[in-house]
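Right, one structure below, let's go through it.
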Amino acid sequence: MAKGKRVEQVAEEIKVILSNAIQFEIQDPRLGFVTLTSVNVSPDLYHANINVSVMGDDAARKDSIATLDRAKGFLRRELGQQMKLRAVPELHFHLDVTIDTRQHMDKLFNQVDEERRVNPPKLDDE
């Protein structure tokens with residue numbers, strides 16, 4: 001159980017450090033508005049899967065992920081300087097589309113509600 005708690009603490013610390021580095025240190029114009037949504041660290045602490053949400057169209061998202069991939073060395077160096085770990089985890093960035101999915105579902109539910117207002121369901125009288 002203690003190992004799980006340690007992994008969670010490391011993941012949270014990575015999230016904070018990377019969020020700050022991405023927001024304040026990376027000056028690449030191809031990097032859009034990026035939010036780290038979650039960080040999952042392997043039990044051995046050698047790999048960190050970072051889920052990011054990016055505002056904008058598909059091109060902006062691809063550019064932002066590519067920019068983060070190019071900045072991995074810098075970001076790992078930042079982690080190494082600010083964390084006390086035997087080995088700095090390898091970073092793996094993934095696009096998080098849960099916000100897009102949620103927005104799409106909300107739109108569909110609103111369409112169904114509107115359709116029901118315009119054409120209310122007819123109940124059988126028995």
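Given the structure is predicted, the values throughout are model-derived calculations rather than measurements. In this chain, residues are counted from 1 in sequence order.
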Pairs touching residues 63-90 that satisfy ring-ring contact (aromatic ring centres under 6.0 Å, His included), sequence neighbours left out: none

Pairwise distance CG(D113) to CG(L108) - rounded to 0.5 angstrom: 11.0 Å

Distance (rounded to the nearest 0.5 Å) between E25 CD and L18 CG: 12.0 Å

Closest non-hydrogen atom pair, P89 against R76: O-NE, 3.0 Å

Separation of Q9 CD from E12 CD (nearest 0.5 Å): 10.0 Å

Partners meeting salt bridge (Lys or Arg N to Asp or Glu O under 4.0 Å) with D58 (sequence neighbours left out): R61

Partners meeting side-chain hydrogen bond (donor to acceptor under 3.5 Å, both in side chains) with Q81 (sequence neighbours left out): none

Residues forming a side chain to side chain contact (heavy atoms under 4.5 Å, CB included) with M83, sequence neighbours excluded: V10, E13, I14, I17, L79, L85

Heavy-atom side-chain proximity of I22 to L75 below 4.5 angstrom: yes

Do any side-chain atoms of residues 43-52 form donor-acceptor pairs under 3.5 angstrom with protein atoms, and if so which ones, sequence neighbours left out?
from, atom 1, to, atom 2, distance (Å)
D44, OD1, S42, OG, 2.5
D44, OD1, Y46, N, 3.0
H47, ND1, H92, NE2, 3.0
N49, OD1, H94, NE2, 2.9
N51, ND2, S38, OG, 2.8

Those residues that, when tested against K72, pass side chain to side chain contact (heavy atoms under 4.5 Å, CB included) (two or more places apart): D69, L91, F93

N20 CG to K15 NZ distance, which is reported to the nearest 0.5 Å: 12.0 Å

With sequence neighbours excluded, residues passing salt bridge (Lys or Arg N to Asp or Glu O under 4.0 Å) with E115: none

Under the side chain to side chain contact (heavy atoms under 4.5 Å, CB included) test, residues paired with Q23 that sit two or more places apart: none

Closest contact, heavy atoms only, A11 versus V39: CB-O, 3.4 Å

R30: partners by salt bridge (Lys or Arg N to Asp or Glu O under 4.0 Å), with sequence neighbours left out: D28

Which atom of A71 lies closest to which atom of I26, heavy atoms considered: CB-CD1, 3.8 Å

For E114, all residues meeting side chain to side chain contact (heavy atoms under 4.5 Å, CB included), sequence neighbours excluded: R117, V118

